[in-house]
Number of protein chains: 2
Amino acid sequence: MLRLSKKTDYALISLTYVASQGDRPASAREIAERHDIPLELLAKVLQRLVQRGVLKSQQGIHGGYLLARPADTVTVAEVVEAIDGPLQLTVCGTSDERCEQFSKCNIRDPLHRIRDRIIGALAACTVSELVNDRHDEPVAMPIAIGGMAIAGRRSHGSDH
Amino acid sequence: MLRLSKKTDYALISLTYVASQGDRPASAREIAERHDIPLELLAKVLQRLVQRGVLKSQQGIHGGYLLARPADTVTVAEVVEAIDGPLQLTVCGTSDERCEQFSKCNIRDPLHRIRDRIIGALAACTVSELVNDRHDEPVAMPIAIGGMAIAGRRSHGSDH
DNA sequence: CTAAACTAGGACTGTTCCAGTCGTATTTAG
DNA sequence: CTAAATACGACTGGAACAGTCCTAGTTTAG
């Protein structure tokens with residue numbers, strides 16, 4: 001354990017990409033294809049980032065996502081919490097939740113301090129830094145990757 | 001995600017307790033009862049810590065576990081790695097393992113740096129510190145004498 | 001020598017929770 | 001009106017963790 005969820009991973013990848021695109025809105029489909037991420041899953045991640053005020057969305061046919069705030073104000077810690085919820089090192093909450101073993105737990109406080117330090121490590125990195133350190137082709141946009149990129153269209157109500 | 005496994009949690013609790021008992025070996029049963037941990041599961045955790053050279057065991061009827069090294073040389077990072085294996089923030093390994101999305105991943109290096117910082121946070125805390133900060137009834141601790149101290153089993157200790 | 005209490009360790013089951021999918025509604029542009 | 005996009009809830013599958021069971025080997029007491 002002690003790893004990021006895939007959703008959080010996808011969120012960071014997406015934010016980095018969106019930030020690298022400046023004012024041009026990036027659609028979920030575009031992000032998914034460029035990074036090999038399941039579209040439907042990615043969509044939910046992006047929507048949650050919108051709810052949390054990290055991204056803003058533009059609906060409609062030429063819609064997509066943009067950063068809601070400057071890239072250097074969005075920390076990795078914030079993204080992790082937005083997707084996975086508050087960081088808890090153990091099941092018996094980090095604060096004052098109750099668990100049967102609570103009173104018998106001899107390492108509550110030190111663990112709490114370690115948690116704070118981990119959050120600190122996550123908070124020390126912003127999306128802006130992610131963008132600067134990425135190694136990513138800026139906007140090449142390969143239309144055909146080993147065949148029809150759009151071939152995987154899902155069935156929609158054909159003739160009715 | 002981004003939480004410790006129960007096993008790691010149990011390992012830290014056990015090490016803290018074992019360390020607090022000085023030269024008296026603590027049995028798996030004793031640790032399990034005092035902290036409400038399933039005995040069989042705990043046993044495997046302790047065995048792994050022996051294999052990793054963190055604990056040493058004493059077999060036979062009055063057997064149990066002792067620290068294999070001074071408490072201030074055992075870090076939380078080491079315990080986490082002993083139980084959960086090497087820390088990986090994402091499935092596509094932190095180093096040079098391969099995953100399909102690897103080449104398309106735009107946040108590899110920053111994530112790697114964050115991982116190092118987290119390990120640093122874990123390495124900064126030793127079992128010795130855990131012992132000092134615990135809030136645990138020390139169980140009648142005439143350790144200096146060693147040998148005969150048979151700690152009574154306490155079923156419920158509700159402090160605070 | 002035998003029984004009891006312990007460690008050692010493999011095999012097995014149960015369960016949770018993440019990852020991914022599906023279906024449908026809504027918005028926007030041409 | 002239709003196509004392409006966001007929005008969102010409900011559902012399924014599966015991997016990995018959590019926990020159990022069983023057997024073997026070790027040491028001490030009587």
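First the proteins, then the strands, lettered A, B, ... as listed; each starts at 1.
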Whole angstrom value for the distance that separates [atom2] of [N] from [atom1] of [X]:
X: A:Lys6; N: C:dT21; atom1: NZ; atom2: P; result: 11 Å
X: B:Asp84; N: D:dC17; atom1: CG; atom2: C1'; result: 10 Å
X: B:Leu2; N: C:dC18; atom1: CG; atom2: P; result: 12 Å
X: B:Leu41; N: D:dA16; atom1: CG; atom2: P; result: 18 Å
X: B:Ile83; N: D:dA16; atom1: CD1; atom2: P; result: 18 Å
X: B:Ile13; N: D:dA18; atom1: CD1; atom2: P; result: 13 Å
X: A:Gln88; N: C:dC17; atom1: CD; atom2: P; result: 12 Å
X: B:Arg3; N: D:dA18; atom1: CZ; atom2: P; result: 10 Å

Search all heavy atoms of [X] against all heavy atoms of [Y] and return the closest pair with its distance.
X: B:Pro38; Y: B:Tyr10; answer: CD-OH, 4.1 Å
X: A:Glu78; Y: A:Val74; answer: OE1-CA, 3.9 Å
X: A:Glu30; Y: A:Pro25; answer: OE1-O, 4.5 Å
X: A:Arg134; Y: B:Asn106; answer: CB-O, 3.1 Å

request  = Using a 4.0 Å cut-off on protein heavy atoms (strictly under), produce a 5'-to-3' string for nucleotides 6-14 of chain D with B for base contact, S for backbone-only sugar-phosphate contact, and - for none.
outcome  = BBB-B----

ask   = For DNA chain C, whose closest nucleotide is more 5', that of A:Leu4 or that of A:Ile61?
value = A:Leu4

ask   = Looking at side-chain heavy atoms only, is the closest gap between B:Val45 and B:Ile37 below 4.5 Å?
value = no

message = Given C:dT21, C:dA19, D:dC17, identify the nucleotide with an atom nearest to the side chain of A:Pro38.
response = C:dT21

inquiry  = Measuring from atom CD of A:Glu129 to atom CD1 of B:Ile114, what distance do you get when rounded to the nearest 0.5 angstrom?
reply    = 8.5 Å

remark   = Taken to the nearest 0.5 Å, the spacing of B:Asp9 CG from A:Ile107 CD1 works out to 5.0 Å

query = At under 4.0 Å, does any side-chain N or O of A:Tyr10 touch on OP1 or OP2 of C:dA19?
reply = no

